[in-house]
*Asks:* 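Structure incoming, see below.
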Amino acid sequence: MEVPEKFTKPYNPQATEDEIYKKWEDSGYFNPDNLPLRLDAQGKPVEMEPFCIVMPPPNANGSLHAGHALFVTLQDIMVRFARMRGKKTLWLPGADHAGFETQVVYERQLEKEGRSRFEMPPEQLYKEILDFTLGNKIFMEGQLRQLGASCDWSRELFTLDERVVKTVYDTFRKLNDDGLLYRGSRIVNWCPKHQTSLSNLETERETRTSPFYYLKYGPFTIGTVRPETKFGDKYVVMHPGDARYSKYKEGDMLELEWINGPITATVIKDEASDPAVGSGVMTITPWHSGTDFEIAQRHNLPYEQIIDWRGKLLPIAGEFAGMSIKDARAKIVEKMQQKGLVEKIDGDYTNEVPVCYKCGREIEPQVKAQWFVKMQPLARRAIEAVTSGEVKILTDSQEKILLHWLENIQDWNISRQIVWGIPIPAWHRSTYAHGKQDEEWHIGENPPAGGLGDGWTRDTDTFDTWFSSSQWPFITLGFPDGEDFKTYYPTDVMETGADILFFWVARMLMLGLYITGEVPFKNVYLHGLVRDAKGQKMSKSKGNVISPLTVSNEYGTDALRMGLVVGNTPGTDLNLAPSKIGAYKKFANKLWNIARFVLSQDLPAGRQETEGAIRQELKDEFDALAADVTNDIEQYRIYMAAEKLYHYVWDRFAAEIVEESKGKPEYGATLYYILENSLKLLHPFMPFVTEAIWQELPEKESDLLMVAQWPARHSGGPQK
RNA sequence: GCACUCUUAGCUCAGUUGGUUAGAGCGCUCCCUUCACACGGGAGAGGUCGUAGGUCCGAAUCCUACAGAGUGCACCA
């Protein structure tokens, strides 16, 4: 048989991939509504079982990184597998405005241009970031195509689309109606650079070595790393059971000399003061410390701001007012030393300080009025869903981590002081009652009847991006009435990075259950971080970032995909070495050459299962592999399926069966059978090269391999 | 402090419910351009599966302790 000319040269992914992707996209089969019907033995169309994955929408603020390539690969494997098995398969793509993340990226750009967001009108800033994001979005979509993503572009949604905003507002209102939303002045994580509060998850802890100061506070010794917060400390707290201080009673007043002169201190007994720590006595700064704030609340103590929003000392600091806390610390200590208030300094005290996860600056705890969601009731339902198996988490250890977090959940601050996001639909005005100033709030997109004239102004804050993202699965499917929602919800799999288990997965679970009454997804597959060849985290500053697009250009997308998948178990990190990807480039070429050989053989006319033409023992062996691989993919052991296929095709098919067949024309049908079906099994993993070969087959069941029928129906073993 | 994970060949990692001579990629040694493929083929070296106990007919796989590495959450006077 004539072998097509192209097979005489090594497989060339660069010359092949774009054209193949275009064929797929033009076919319309990414959209499940267009999938070809499958007929049963009687020629009647088979009812198609739905299968759906909602894609974690990539942030539209830059280029795709290796982590994106990994999720595209894993999800595309699951999706192509389902599609070939005749399911009505929807992979729903999106693009994320990524609120704070994108604003930070854009601010960096502004800084380079010598501009600042604090010097521009919010409307202008918003407009600029919108343009920036929409530009990136198109770019990012092209990159997803390059990675072979077989998602339904016709259903793509952007996280700021009208439908999203509307649903998010409905949810906000419902939370309020159900008593799960409150506005409260609490300690928040304040980033002095970004001028916004952050959730706990958006802070990281850094171990620092700092001087620890033992200060004389009247008859007591108190310890602190932050003398600059101590100006307002007028309460001295000790454990009620601490015998050393039994002569002091709650409410005792003491006159003592402090940083800027004499003050009156009041004794407070509270169990939060740990006798084992330092002297067992502490003073409190309720405005800038979580524990202190709680003590102040319990004892109904006043609190005062010491440090402003930019990290500078306020007038209460007297001569130090206006100084940054960093500069002030040494000067304050110097003054206290002169006054004999410093007992000793411990030079190498290590503590962990919270820092902004974006800029690394120390978080300044501040008291601020914010919107909070009460999470405990939502978490309870999520815990039930996990423990009952309504939602299955891969792996067991990730499930434990999730449950541990849910069981210890804290209320969620969902307001951010940034412009790039969905504005919070709330209005407020000052009111006076019983001689006391208060604030009245109204939830809704519009001010209450009476309107602006009555002094109502709109909340300028925006939602934490994750608040809207957490509603993504049901929003994208058109909750509550959309056809897709009815067909595809709950979705089959949520595949995403283990690093956003709490940020996103846990919250999707909670809000999905809360709003729809059902879990948003039945299975959760969590992948680990993609690291460099040495196991180091990729970062721009280290210069070890591997761009998936560059790799794809050099080795081919199929090779990249295999390199990302083989040996990569869920939940664990993956070290990505270019040499490994190179190995799979060779594999793609191997497959190419097998095809060349097989197509050069004399194939029986109408090769369809010519009675006895296919060697039974080889067919049985192949079919067993197909069943095994099918089972592995069903159980999400994608890494094993990929490796088994690699070894079968190379070590068994190429090295043995093909060799054995040489000079034996009667092997033709067998070789063809194995080739054709190997292409099918490999297609989810290496879609481009398999489709390219498929296109050259003389006789094929469907124009596109993408919608060919999966060779094994086997489904065995328990589902996890 | 609470929780989780890892320790298998020189390197990076697989090893599904415990079961015959422990696997892959890369690297290494030697050989081969023969008619699918040098992005190839053949041959080979290399591991007492962290340590010490235990359960079992049988353990890299289960249990305990210890050692080393790492991660998450919370607190931090």
Side-chain angles (χ1 to χ4, degrees), chain A residues 3 7-12 200-201 204-205 212-215 221-226 229-230 233 237 272-274 276-285 289-292 349-354 395-405 407-410 498-499 501-502 528-529 531-535 555-556 559 562-563 566-569 571-601 628 631-632 635-637 639-640 642-644 646-647 650-651 654-655 658-659 661-663 671 717-718 720:
Chain A
V3 179
F7 281 115
T8 60
K9 295 195 186 96
Y11 173 60
N12 182 350
N200 288 348
L201 290 176
E204 284 170 0
R205 273 146 291 274
F212 190 81
Y213 305 95
Y214 290 89
L215 306 175
T221 301
I222 59 164
T224 185
V225 282
R226 303 198 59 191
T229 64
K230 296 291 170 195
D233 289 15
V237 185
S273 185
D274 184 350
V277 177
S279 61
V281 173
M282 61 193 277
T283 62
I284 56 166
T285 315
S289 154
T291 352
D292 295 7
Y349 173 83
T350 52
N351 65 339
E352 292 206 322
V353 296
T395 57
D396 288 347
S397 75
Q398 297 287 349
E399 181 178 306
K400 281 183 206 163
I401 291 169
L402 174 62
L403 284 172
H404 183 251
W405 188 77
E407 280 155 9
N408 296 290
I409 200 152
Q410 300 177 320
D499 55 331
L501 177 59
F502 307 141
L529 214 59
R531 298 171 178 275
D532 74 2
K534 292 176 195 153
Y555 298 96
M562 283 295 273
V566 174
N568 186 5
T569 50
T572 45
D573 292 353
L574 168 79
N575 297 347
L576 187 60
S579 61
K580 187 179 175 190
I581 301 164
Y584 294 108
K585 177 175 199 262
K586 292 178 182 175
F587 180 58
N589 193 53
K590 189 76 183 178
L591 192 62
W592 189 250
N593 278 295
I594 292 170
R596 174 183 175 185
F597 177 80
V598 172
L599 294 182
S600 73
Q601 302 300 296
D628 197 20
N631 188 36
D632 280 336
Q635 314 287 319
Y636 303 104
R637 289 192 299 260
Y639 54 103
M640 288 196 83
E643 198 167 336
K644 282 175 185 167
Y646 174 87
H647 285 109
W650 199 308
D651 299 335
V658 164
E659 290 305 321
S661 77
K662 286 181 178 169
L671 292 177
K720 164 62 199 177

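Below, chain A is the first sequence line, B the second, and so on; all start at residue 1. It should be emphasised that the depicted structure is a prediction, and the values quoted were computed from it without experimental measurement.
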*Asks:* Between A/Trp650 and B/rC39, does any side-chain N or O lie under 4.0 Å from OP1 or OP2?
*Replies:*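 Looking at the OP1 and OP2 atoms of B/rC39, neither is under 4.0 Å from any side-chain N or O of A/Trp650.
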
*Asks:* Quick check on side-chain contact (heavy atoms from CB on, under 4.5 Å): which of A/Ile409, A/Ile401, A/Asn200 does A/Phe502 satisfy it with?
*Replies:*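 It is A/Ile401; the other options fail the test.
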
*Asks:* To the side chain of A/Thr569, which of B/rU12, B/rC39, B/rG15 is closest?
*Replies:*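 It is B/rG15.
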
*Asks:* Indicate, yes or no, whether a donor-acceptor pair under 3.5 Å links the base of B/rC37 to the side chain of A/Lys590.
*Replies:*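 Between B/rC37 and A/Lys590, which were checked side chain against base, a qualifying N/O pair under 3.5 Å is present.
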
*Asks:* Report which part of the nucleic acid A/Ser279 touches: base, sugar-phosphate, or nothing (heavy-atom distance under 4.0 Å, all strands).
*Replies:*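 Nothing: the residue A/Ser279, judged by heavy atoms under 4.0 Å, touches no strand.
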
*Asks:* Base, sugar-phosphate, or nothing: which does A/Ile401 touch, judged by heavy atoms less than 4.0 Å apart?
*Replies:*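 Here A/Ile401 touches the backbone only, sparing every base.
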
*Asks:* At under 4.0 Å between heavy atoms, what does A/Asp274 touch on the DNA or RNA strands: base, sugar-phosphate, or nothing?
*Replies:*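 A/Asp274: base contact, heavy atoms under 4.0 Å.
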
*Asks:* Would you classify A/Asn408 as touching base, sugar-phosphate or nothing, given that sugar-phosphate means primed atoms plus P, OP1 and OP2, and contacts are heavy atoms under 4.0 Å?
*Replies:*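 Counting heavy atoms under 4.0 Å across all strands, no contact is made by A/Asn408.
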
*Asks:* Classify A/Leu201 by what it touches in the nucleic acid, base, sugar-phosphate, or nothing, heavy-atom distance under 4.0 Å.
*Replies:*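 Answer is sugar-phosphate: A/Leu201 comes under 4.0 Å of backbone atoms only.
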
*Asks:* When both hydrogen-bonding distances must be under 3.5 Å and the geometry is Watson-Crick or G-U wobble, what is B/rG44 paired with, if anything?
*Replies:*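 Pairing partner, where one exists within any strand: B/rC28.
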
*Asks:* Which base sits across from B/rG68 as a Watson-Crick or G-U pair, both distances under 3.5 Å?
*Replies:*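 Matched B/rG68 with B/rC6 under the 3.5 Å cut-off.
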
*Asks:* Could you please name the option among B/rA14, B/rC75, B/rC26 that lies closest to any side-chain atom of A/Glu352?
*Replies:*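 Selected nucleotide: B/rC75.
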
*Asks:* Roughly how many Å is it from CD in A/Glu643 to C1' in B/rA22, rounded to a whole number?
*Replies:*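 My rounded result for the distance is 14 Å.
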
*Asks:* Can you tell me, in whole Å, how much space there is between the C1' of B/rG18 and that of B/rC37?
*Replies:*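 Going atom to atom, C1' in each nucleotide, I get 42 Å.
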
*Asks:* Please classify the nucleic acid contact of A/Arg637 as base, sugar-phosphate, or nothing, using heavy-atom distances under 4.0 Å.
*Replies:*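 Result for A/Arg637 = base.
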
*Asks:* Which part of the nucleic acid, if any, lies within reach of A/Tyr584 when heavy atoms closer than 4.0 Å are counted: base, sugar-phosphate only, or nothing?
*Replies:*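 Answer is nothing: A/Tyr584 stays at 4.0 Å or more from every strand.
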
*Asks:* Send over the distance from A/Tyr555 OH to B/rC26 C1', rounded to a whole Å.
*Replies:*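 Answer to the nearest Å: 12 Å.
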
*Asks:* Which part of the nucleic acid, if any, lies within contact of A/Ala577, taking any heavy atom under 4.0 Å across all strands shown: a base, the sugar-phosphate backbone alone, or nothing?
*Replies:*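 Counting heavy atoms under 4.0 Å across all strands, no contact is made by A/Ala577.
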
*Asks:* Return yes if some donor-acceptor pair links the side-chain N/O of A/Asp573 with the main-chain N/O of A/Leu529 below 3.5 Å, else return no.
*Replies:*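 Yes, because the side chain of A/Asp573 sits within donor-acceptor range (under 3.5 Å) of the backbone of A/Leu529.
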
*Asks:* Of the candidate nucleotides B/rC75, B/rC2, B/rG15, which contains the atom at the shortest distance from the side chain of A/His404?
*Replies:*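 Of the candidates, B/rC2 comes closest.
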
*Asks:* Is the shortest heavy-atom distance from the side chain of A/Arg531 to the side chain of A/Asn575 under 4.5 Å?
*Replies:*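 Yes, their side chains come closer than 4.5 Å.
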
*Asks:* Describe the nucleic acid contact of A/Ala272 in one word from base, sugar-phosphate, nothing, applying a heavy-atom distance below 4.0 Å.
*Replies:*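 Counting heavy atoms under 4.0 Å across all strands, the contact made by A/Ala272 includes a base.
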
*Asks:* Is a donor-acceptor contact shorter than 3.5 angstrom present between the side chain of A/Gln398 and the base of B/rC4?
*Replies:*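 No.
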
*Asks:* For the ring pair A/Phe587 and A/Tyr646, is the centre-to-centre distance below 6.0 Å?
*Replies:*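 When the ring centroids of A/Phe587 and A/Tyr646 are compared, they turn out to be within the sub-6.0 Å range.
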
*Asks:* Are A/Lys662 and B/rA36 close enough that a side-chain N or O sits under 4.0 Å from OP1 or OP2?
*Replies:*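 The answer is yes; a side-chain N or O of A/Lys662 sits under 4.0 Å from OP1 or OP2.
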
*Asks:* For A/Leu576 versus A/Pro578, what's the shortest heavy-atom pair and its separation?
*Replies:*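 For A/Leu576 and A/Pro578, the tightest heavy-atom pair comes out as O-CD, 3.9 Å.
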
*Asks:* Go ahead and name the base partner of B/rC75; Watson-Crick or wobble counts if both distances stay under 3.5 Å, otherwise write none.
*Replies:*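 Check on B/rC75: unpaired, no WC or wobble geometry under 3.5 Å.
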
*Asks:* Report yes if a side-chain nitrogen or oxygen of A/Arg226 is closer than 4.0 Å to either non-bridging phosphate oxygen (OP1 or OP2) of B/rA77; otherwise report no.
*Replies:*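 For A/Arg226, the contact criterion (side-chain N or O under 4.0 Å from OP1 or OP2 of B/rA77) is not met.
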
*Asks:* For the side chain of A/Ala654, starting at C-beta, report the closest nucleotide among B/rA36, B/rC2, B/rC73.
*Replies:*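 Selected nucleotide: B/rA36.
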
*Asks:* Give one of base, sugar-phosphate or nothing for A/Phe502, where a contact means two heavy atoms less than 4.0 Å apart.
*Replies:*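 Sugar-phosphate contact only.
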
*Asks:* Could you check whether A/Phe587 gets within reach of a base, just the sugar-phosphate, or nothing at all, counting any heavy atom under 4.0 Å?
*Replies:*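 Nothing, no heavy atom under 4.0 Å.
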
*Asks:* With both distances kept under 3.5 Å, what pairs with B/rU55, Watson-Crick or G-U wobble?
*Replies:*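 Answer to the pairing question: none, since B/rU55 forms no Watson-Crick or G-U pair.
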
*Asks:* Go ahead and name the base partner of B/rU16; Watson-Crick or wobble counts if both distances stay under 3.5 Å, otherwise write none.
*Replies:*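 No nucleotide pairs with B/rU16.
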
*Asks:* Do any side-chain nitrogens or oxygens of A/Tyr636 fall under 4.0 Å of OP1 or OP2 in B/rU16?
*Replies:*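 False: A/Tyr636 side-chain N/O out of range (4.0 Å or more) of B/rU16 OP1/OP2.
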
*Asks:* Using only side-chain N and O atoms of A/Thr224, determine if any of them is under 4.0 Å from OP1 or OP2 of B/rA77.
*Replies:*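 Indeed not, no polar side-chain atom of A/Thr224 lies that close.
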
*Asks:* Are OP1 or OP2 of B/rC75 and a side-chain N or O of A/Ser289 less than 4.0 angstrom apart?
*Replies:*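 The answer is no; no side-chain N or O of A/Ser289 sits under 4.0 Å from OP1 or OP2.
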
*Asks:* With heavy atoms under 4.0 Å as the rule, sort A/Glu659 into base, sugar-phosphate or nothing.
*Replies:*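 Base, at least one base atom sits under 4.0 Å.
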
*Asks:* Check whether any side-chain nitrogen or oxygen of A/Lys400 sits under 4.0 Å from OP1 or OP2 of B/rG72, and answer yes or no.
*Replies:*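 Result: no.
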
*Asks:* Distance check, C1' atoms only: B/rG47 and B/rC11, in whole angstrom units.
*Replies:*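 Straight-line distance between the two C1' atoms is 14 Å.
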
*Asks:* Just call it for A/Thr283: base, sugar-phosphate, or nothing, with non-hydrogen atoms closer than 4.0 Å on any strand.
*Replies:*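 Here A/Thr283 touches no strand at all.
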
*Asks:* Within the structure, does a side-chain N or O atom of A/Asn200 lie under 4.0 Å from either OP1 or OP2 of B/rC73?
*Replies:*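 No, outside the criterion.
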
